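This structure is a prediction, so every number in the text was calculated from the model and none was measured.
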Amino acid sequence: MPPKGFSQTPQRDSYDVVIIGGAIMGSSLAWWLTENADFDGSVLVVERDPSYLKCASTLSNSCIRQQFSTELNVRISQFTADFCRNLRANMGGDDRVPNLEVHNFGYLYLADTEDFADVLRANQTVQRAAGADTRLLTADQIAADYPFYDLDGIVLGSINTRDEGYWDGGTLFEWFRRSAQSRGIEYVAGEVVALSRQGGRIGGVTLASGQTVACGQVVNAAGTRGARIAAMAGLPLPVEPRKRYTWVFTAETPLDRALPLTIDPSGVHVRTDGPQTYLAGCKGDPDPAADPDDFAMDHGLWENHVWPILATRIPAFESIRVVTEWAGQYDYNTLDQNAVLGPHPEVENFLFMNGFSGHGLQQSPAMGRGLAEWITHNEYRSLDLTPFSYARVAAGEAMVEGAVI
């Protein structure tokens, strides 16, 4: 039997919108469609794993930041922070829905070369123009605020402590899904195995059960399997699964204040996780595309790479103990590490919601709202998300997001 809230088979033969993928992106879109007073169509969400145990939404480190290199990404995160602060009201005043606050310990980027420092300076200019409170710190200023770092070789830091840090993305995901279901959005436990394309349109979606449903619009919100879904429509998508590793640990000598999410020049990052715990993460070396079912840990990575870097940067972390660890994945856009959103220029009813490259959780409210606007009105009416369109993929013209972890 499928989990509560999920059907075993679709209840209709045809839907106005079929969303492939019911994690936070698909559920955000489904919910925003119910919010749009001008949308009155039928919606089916197809989710291959209703337990969500291995989806990126579940295995995320659940952080939010405004320190991006593109203004649009900054504004998207600002919307998320405001939306979540007022989540209960935004979801209709349901007393069960909590308001979510950001734990504002901030992100601290550390630059060990003048070239990297110039990148931080350029990024700060973009961020400040968009209203972020990003500050540039010399090594002496960092030491004054956070005396536990070894700053040998560090020439500049960049930090923002407003609407930047940890937040409860899992609860947002839960309420997008629960609220969408309570408003009549149909969720089915199943896997899409084929799309029927007739020229410039997708006519139907076939599930592993053999059932086919017709669709007005089909949305690819399949996360790390996004390129596979696009291929079913005969469309290339430069998105692949990339593994990211996480460790939660305790320190024999805890720090005397909150630890910002510190991005070491090596790429290893670490932050406060709880009253007595810290969280560290990094990518693999090398960092190839992964099988979407591969969640195996690289146990040598901690011992040989991550721990030595942590102990060097924060000497108090010489004596630490790993409490838990896991490997997750995200949908990495190899073109420019930015989202692909909206319709295909030739297959007009095939919509992308892919390639978020590790910052999808924090972008889900704005992306769901925007795509719901496009489906309903054939245009974006809040934030103009046109720069994320597939047109740039087709042209091979990157809109590079330079601040990717």
State whether the side chain of Asn86 and the backbone N or O of Ala89 hold a donor-acceptor pair below 3.5 Å, judged by distance alone.
no

**Prompt:** Can you check whether Trp374 and Phe39 have ring centres sitting under 6.0 Å from each other?
**Reply:** no

Can you check whether Gly355's main-chain N or O pairs, donor with acceptor, with Asp331's side chain at less than 3.5 Å?
yes

### Task
Tell me, please, whether Phe68 has Arg65 positioned over its six-membered ring: NZ or CZ under 6.0 Å from the ring centre and within 45 degrees of its axis?
yes

d(Leu172 CG, Ser28 OG) to nearest 0.5 Å is 7.5 Å

I'd like to know whether Val119 forms a side-chain contact (heavy atoms from CB on, under 4.5 Å) with Arg121, so could you lay out the CA-CA distance, the side-chain angles of the two residues, the decisive distance to 0.1 Å, and finally the verdict. CA-CA 5 Å; Val119 170; Arg121 294 183 183 106; over 6 Å; no

Do the non-hydrogen side-chain atoms of Leu156 and Leu136 ever get within less than 4.5 Å of each other? yes

query = Are any side-chain N or O atoms of Asp294 and backbone N or O atoms of Ala290, one a donor and one an acceptor, separated by less than 3.5 Å?
reply = no

- Is there a donor-acceptor pair closer than 3.5 Å between any side-chain N or O of Ser364 and the backbone N or O of Leu361? yes

Note to self: Using modelled atom types and a 3.5 Å cut-off, is there a donor and acceptor pairing between side-chain atoms of Asn61 and backbone atoms of Cys63?
What the structure shows: no

Using 30° and 60° as the class limits, which term best fits the ring planes of Trp247 and Trp302: parallel, tilted or perpendicular? tilted

(message) If we ignore hydrogens and angles and just use 3.5 Å, is the side chain of Lys243 paired with the main-chain N or O of Ala296 as donor and acceptor?
(response) yes

Just wondering, do Leu108 and Ile142 contact through their side chains at under 4.5 Å, heavy atoms? yes

- Examine distances only and state if a side-chain atom of Glu373 and a backbone atom of Ser382 form a donor-acceptor pair shorter than 3.5 Å. yes

field: Side-chain heavy-atom pair Asp384, Glu379 within 4.5 angstrom cut-off
entry: no

Could you check if a side-chain atom of Phe350 sits within less than 4.5 angstrom of a side-chain atom of Gln217, using non-hydrogen atoms only? no

Interatomic distance, OH@Tyr166 vs OG@Ser62, rounded to 0.5 Å, equals 5.0 Å

Side-chain donor-acceptor contact under 3.5 Å, Thr113 with Asp115: no

Exercise. Under 3.5 Å, is there a donor-acceptor pair between the Thr250 and Thr277 side chains?
Worked result: no

For this session: Decide yes or no for Asp112 and Val155: does some side-chain heavy atom of the first lie under 4.5 Å from some side-chain heavy atom of the second?
Result: no

| said: Could you walk me through whether Ile375 and Val219 satisfy the side-chain contact (heavy atoms from CB on, under 4.5 Å) test, starting with their C-alpha distance in whole Å, then the side-chain angles of each, then the deciding distance to 0.1 Å, before giving a yes or no? | reply: CA-CA 10 Å; Ile375 288 171; Val219 179; 4.2 Å; yes

Could you tell me whether Asp264 and Arg313 make a salt bridge, using a distance below 4.0 angstrom between a side-chain N and a carboxylate O? yes

Aromatic ring centroids of Phe317 and Phe249 under 6.0 Å?
yes

- Query: In terms of side-chain heavy atoms, does Ser77 have a donor or acceptor partner in Gln66 at a distance below 3.5 Å?
  - Reply: no

**Prompt:** For Gln198, does the CD atom sit with more than 12 other heavy atoms under 6.0 Å from it, leaving out its own atoms?
**Reply:** yes

With a 3.5 Å distance limit and no angle check, can you tell me whether Asn349 reaches the backbone of Gly216 through a side-chain donor-acceptor pair? yes

Side-chain donor-acceptor pair under 3.5 Å between Asp38 and Thr376, yes or no?
no

Report task. State whether a side-chain donor-acceptor pair under 3.5 Å links Tyr149 with Thr262. Result -> yes

Do Val18 and Val46 come close enough that some side-chain heavy atom pair is under 4.5 Å? yes

Are the side chain of Ser266 and the backbone N or O of Val268 linked by a donor-acceptor pair below 3.5 Å? yes

Under the criterion ring-ring contact (aromatic ring centres under 6.0 Å, His included), I'd like the reasoning laid out for Tyr187 against Trp31: C-alpha separation, chi angles, the key distance, then a yes or no. CA-CA 12 Å; Tyr187 278 64; Trp31 184 82; over 10 Å; no

With no hydrogens and no angle check, just 3.5 Å: does a side-chain donor-acceptor pair link Asn354 and Asn220?
yes

Query - Full working for side-chain contact (heavy atoms from CB on, under 4.5 Å) between Tyr278 and Thr272 - result: CA-CA 5 Å; Tyr278 303 91; Thr272 288; 4.2 Å; yes

Separation between OH (Tyr52) and CD (Glu47), nearest 0.5 Å, reads 4.5 Å

> Just checking, is any N or O donor in the side chain of Arg244 or Tyr330 under 3.5 Å from an acceptor N or O on the other one?
Replying inline: yes

Checking Gln127, Glu401, Gln337 against Ser69 for side-chain hydrogen bond (donor to acceptor under 3.5 Å, both in side chains), the one that qualifies is Glu401

- Task: Take Arg225 and Asp49, measure what salt bridge (charged side-chain N to carboxylate O under 4.0 Å, His left out) needs, and give me the verdict at the end.
- Result: CA-CA 12 Å; Arg225 288 175 167 79; Asp49 178 19; over 6 Å; no

The single option from His359, Gln78, Gln362 that satisfies side chain to side chain contact (heavy atoms under 4.5 Å, CB included) with Ile64 is Gln362

#### Entry: Short side-chain donor-acceptor distance under 3.5 Å, Thr34 and Arg183
yes

As a quick check of understanding, evaluate salt bridge (charged side-chain N to carboxylate O under 4.0 Å, His left out) for Asp145 and Arg257, giving each step before the final call.
CA-CA 10 Å; Asp145 289 344; Arg257 65 201 71 187; over 6 Å; no

Q.
Within the 3.5 Å criterion, strictly below it, is a donor on Ser158 or Gln67 matched to an acceptor on the partner's side chain?
A. yes

One should read off an interatomic distance between Leu341 CG and Leu351 CG, to the nearest 0.5 angstrom, of 8.5 Å

**Asked** Does Arg242 count as lying over the ring of Tyr332, i.e. NZ or CZ under 6.0 Å from the six-ring centre, within 45 degrees of the axis?
**Response** yes

Practice problem: Decide whether a cation-pi geometry holds between Arg369 and Phe79; the criteria are a distance under 6.0 Å from NZ or CZ to the six-membered ring centre and an angle within 45° of the ring axis. | Solution: yes

Check: Under a 4.5 Å cut-off applied to non-hydrogen side-chain atoms, are Val193 and Leu207 in contact?
Finding: no

Distance col, row Ile19:CD1 vs Ile185:CD1, nearest 0.5 angstrom, shows 7.0 Å

Once the angle between the rings of Tyr390 and His344 is folded into 0 to 90°, is it parallel (under 30°), tilted (30 to 60°) or perpendicular (over 60°)?
tilted

Exercise. Would you say the side chain of Leu301 lies within less than 4.5 Å of the side chain of Tyr245, judging by non-hydrogen atoms?
Worked result: yes

Distance-only, no hydrogens or angles: does the Arg197 side chain make a donor-acceptor pair with backbone N or O of Ala233 under 3.5 Å?
yes

TODO: Is it possible for you to check whether Arg12 lies under 6.0 Å from the centre of the six-membered ring of Tyr15, through NZ or CZ, and within 45° of that ring's axis?
DONE: yes

Salt-bridge criterion met for Asp273 and Arg271 (N-O under 4.0 Å)
yes

Separation between CZ (Phe83) and CG (Asn99), nearest 0.5 Å, reads 10.5 Å

Inset, instruction - Give a yes-or-no answer on whether the side chains of Asn73 and Asn338 include a donor-acceptor pair shorter than 3.5 Å. - result: yes

